[in-house]
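Residue numbers begin at 1 in each chain, while the letters A, B, ... track the order of the sequences.
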There are 4 protein chains.
Amino acid sequence: MEFREHEAIYLQIAAHVSDNILTGKWAAEQKIPSVRELAVELQVNPNTVMRAYEFLQNQQEIYNKRGLGFYVSANGAAQVKAYRKERFLQQELPELFRTMQLLEIGIDEIEKQYTIYKTGK
Amino acid sequence: MEFREHEAIYLQIAAHVSDNILTGKWAAEQKIPSVRELAVELQVNPNTVMRAYEFLQNQQEIYNKRGLGFYVSANGAAQVKAYRKERFLQQELPELFRTMQLLEIGIDEIEKQYTIYKTGK
Amino acid sequence: MEFREHEAIYLQIAAHVSDNILTGKWAAEQKIPSVRELAVELQVNPNTVMRAYEFLQNQQEIYNKRGLGFYVSANGAAQVKAYRKERFLQQELPELFRTMQLLEIGIDEIEKQYTIYKTGK
Amino acid sequence: MEFREHEAIYLQIAAHVSDNILTGKWAAEQKIPSVRELAVELQVNPNTVMRAYEFLQNQQEIYNKRGLGFYVSANGAAQVKAYRKERFLQQELPELFRTMQLLEIGIDEIEKQYTIYKTGK
DNA sequence: GTGGTCTAGACCACC
DNA sequence: GTGGTCTAGACCACA
């Protein structure tokens with residue numbers, strides 16, 4: 001996995017884990033990779049993975065069973081989805097619209113690109 | 001002007017100046033506020049404004065006339081716009097689409113929000 | 001290290017680092033001294049070293065690993081060399097020739113001085 | 001006339017005037033353009049031209065007749081030439097040789113470029 | 001430990 | 001007046 005330059009690595013890891021929970025790849029109550037495992041896989045310092053897990057624990061997407069590891073929360077996926085949807089509609093979208101206006105890009109252009117995106121996959 | 005917590009102030013200033021160039025508020029070949037002026041206006045240290053100007057100079061949006069101050073590049077607005085449009089279409093939009101897919105949000109939802117946004121203004 | 005009067009210190013530091021990369025003293029992918037270390041060694045403010053490193057990063061001679069330090073770019077030396085060679089041939093040399101003409105100095109004089117230089121070392 | 005970015009304008013003007021004296025375009029004891037004339041021609045502030053003239057006066061390449069203007073010194077050309085030749089041999093050339101060594105450029109390459117330069121003109 | 005940002009204040013060359 | 005550089009010192013996020 002390669003990391004973007006300008007975002008903290010632990011946040012990128014958290015997002016990555018979040019994605020796996022959201023898509024159901026890691027189901028509720030299921031154990032996720034140990035800190036060390038993931039650290040080796042991603043070639044980062046274990047502390048950094050730990051920080052990502054702590055972050056997700058604070059958001060109650062995952063929880064810790066002492067001595068066993070981290071597990072996906074019962075309603076993990078739902079929670080993540082609700083949280084991110086909220087943020088998407090309240091923050092990201094308005095920002096997008098502002099940018100569009102500044103760059104004089106119409107909603108039709110977005111639709112066009114969307115079609116391209118969907119067919120291109 | 002108020003600054004967001006998580007982004008470097010000098011980058012926010014640069015973005016602000018960039019916007020003014022993009023919208024044509026500051027036309028090509030026109031002088032922009034001096035480092036000291038803007039520093040007073042924004043209530044930050046002159047060094048911070050200086051960093052923002054350096055950044056924009058590197059991107060060739062503005063240039064310096066020795067002893068006179070900073071000026072908007074001849075094709076400043078066009079350049080900024082082309083650069084940002086490119087980035088928007090190549091990077092931000094695909095990312096947006098990926099998020100939409102993940103959150104199961106359709107293009108119709110975007111259109112709906114867009115209408116709300118436009119009428120709300 | 002002593003600094004010339006008329007050139008910004010941070011540029012002299014950058015040139016110094018560049019030389020070390022060019023000569024292969026600091027090999028590709030190798031860590032270079034931390035900002036603080038070099039600041040102590042050169043007896044300058046850390047900010048000044050930081051500016052030098054920023055400059056070199058912009059030129060893609062070095063890059064930053066978050067939390068770890070600055071590293072020589074993969075093709076750092078090659079890039080520096082190509083860049084400087086280009087500049088030498090395209091800019092410095094023609095300027096030299098113009099000066100020679102103006103001062104009525106022939107190529108033979110250059111050769112003579114070159115011999116002196118090489119033997120004198 | 002266009003000015004290089006990184007060198008003080010008044011020094012570039014001085015060099016330009018010096019060239020004219022050196023080549024004999026402006027002969028000894030002959031009047032050179034007035035400060036204002038040159039300022040208009042070069043589109044710079046008269047103060048800047050004045051500074052260049054002061055600089056040349058210090059080097060005794062030109063002198064001032066009060067109320068009349070600036071004149072090329074009796075032995076202006078000779079003086080300029082001697083001064084610049086000295087600097088060329090003592091400073092510029094050794095620097096050049098050092099660069100050549102660093103970039104692994106031999107004297108033969110210089111000769112080759114010189115031939116190209118001379119025939120190209 | 002690493003870089004990154006910011007402030008305050010100073011001094012300078014240049015136009 | 002303009003930018004440009006430098007220092008000292010602080011605080012922060014990140015690995």
Between [atom1] of [X] and [atom2] of [Y], what distance do you get to the nearest 0.5 Å?
X        : Y       : atom1 : atom2 : value
D/Lys25  : D/Gln30 : NZ    : CD    : 10.5 Å
A/Ile62  : A/Ile21 : CD1   : CD1   : 6.5 Å
C/Phe3   : C/Ile13 : CZ    : CD1   : 4.5 Å
A/Arg51  : A/Ile9  : CZ    : CD1   : 11.5 Å
D/Leu102 : C/Lys85 : CG    : NZ    : 11.0 Å

d([atom1], [X]; [atom2], [N]) in whole Å:
X       : N      : atom1 : atom2 : value
A/His6  : E/dT5  : NE2   : C1'   : 16 Å
A/Gln12 : F/dC14 : CD    : P     : 11 Å
D/Leu11 : E/dC15 : CG    : C1'   : 13 Å
C/Asn45 : E/dT7  : CG    : C1'   : 13 Å
B/Lys31 : F/dT2  : NZ    : P     : 6 Å
C/Glu54 : E/dG3  : CD    : C1'   : 10 Å
D/Glu5  : E/dC14 : CD    : P     : 14 Å

Please determine, for the side chain of B/Ile9, which listed nucleotide (E/dT2, E/dC6, F/dA15) has the closest atom?
E/dC6

Does any non-hydrogen side-chain atom of A/Phe70 lie less than 4.5 Å from one of A/Val35?
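Contact flag for A/Val35/A/Phe70 side chains = yes.
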
Do the non-hydrogen side-chain atoms of A/Leu96 and B/Phe88 ever get within less than 4.5 Å of each other?
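Contact flag for A/Leu96/B/Phe88 side chains = yes.
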
Pairing donors with acceptors under 3.5 angstrom, does anything connect the side chains of B/Glu61 and B/Tyr53?
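Not at all, the side chains of B/Glu61 and B/Tyr53 share no donor-acceptor pair under 3.5 Å.
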
Whom does F/dC14 pair with, Watson-Crick or G-U wobble, provided both distances fall under 3.5 Å?
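Pairing partner: E/dG1.
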
Could you say whether B/Pro33 or A/Glu7 is positioned toward the 5' end of DNA chain F, judged by the nucleotide with the nearest heavy atom to each?
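Nearest nucleotide further toward 5': that of B/Pro33.
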
C/Val44 or B/Val35, whichever maps to the more 5' nucleotide of DNA chain F:
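Mapping each residue to its closest nucleotide by heavy atoms, the 5'-most match is B/Val35.
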
Between the protein and nucleotides 10-13 of chain F, which nitrogen or oxygen pairs come in under 3.5 angstrom?
none

Give a yes/no on whether any side-chain N or O of B/Thr48 is located under 4.0 angstrom from OP1 or OP2 of E/dC6.
no

Of B/Gln43 and B/Gly67, whose closest DNA chain E nucleotide lies nearer the 5' terminus?
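That would be B/Gln43.
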
Residues from residues 68-76 of chain C lying under 4.0 Å of DNA chain E - heavy atoms:
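When residues 68-76 of chain C is checked for heavy atoms under 4.0 Å from DNA chain E, the hits, listed by number, are C/Leu68, C/Gly69, C/Phe70.
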
Could you tell me which non-hydrogen atom of B/Ala14 sits nearest to which non-hydrogen atom of B/Ala52, and how far apart they are?
N-CB, 3.9 Å

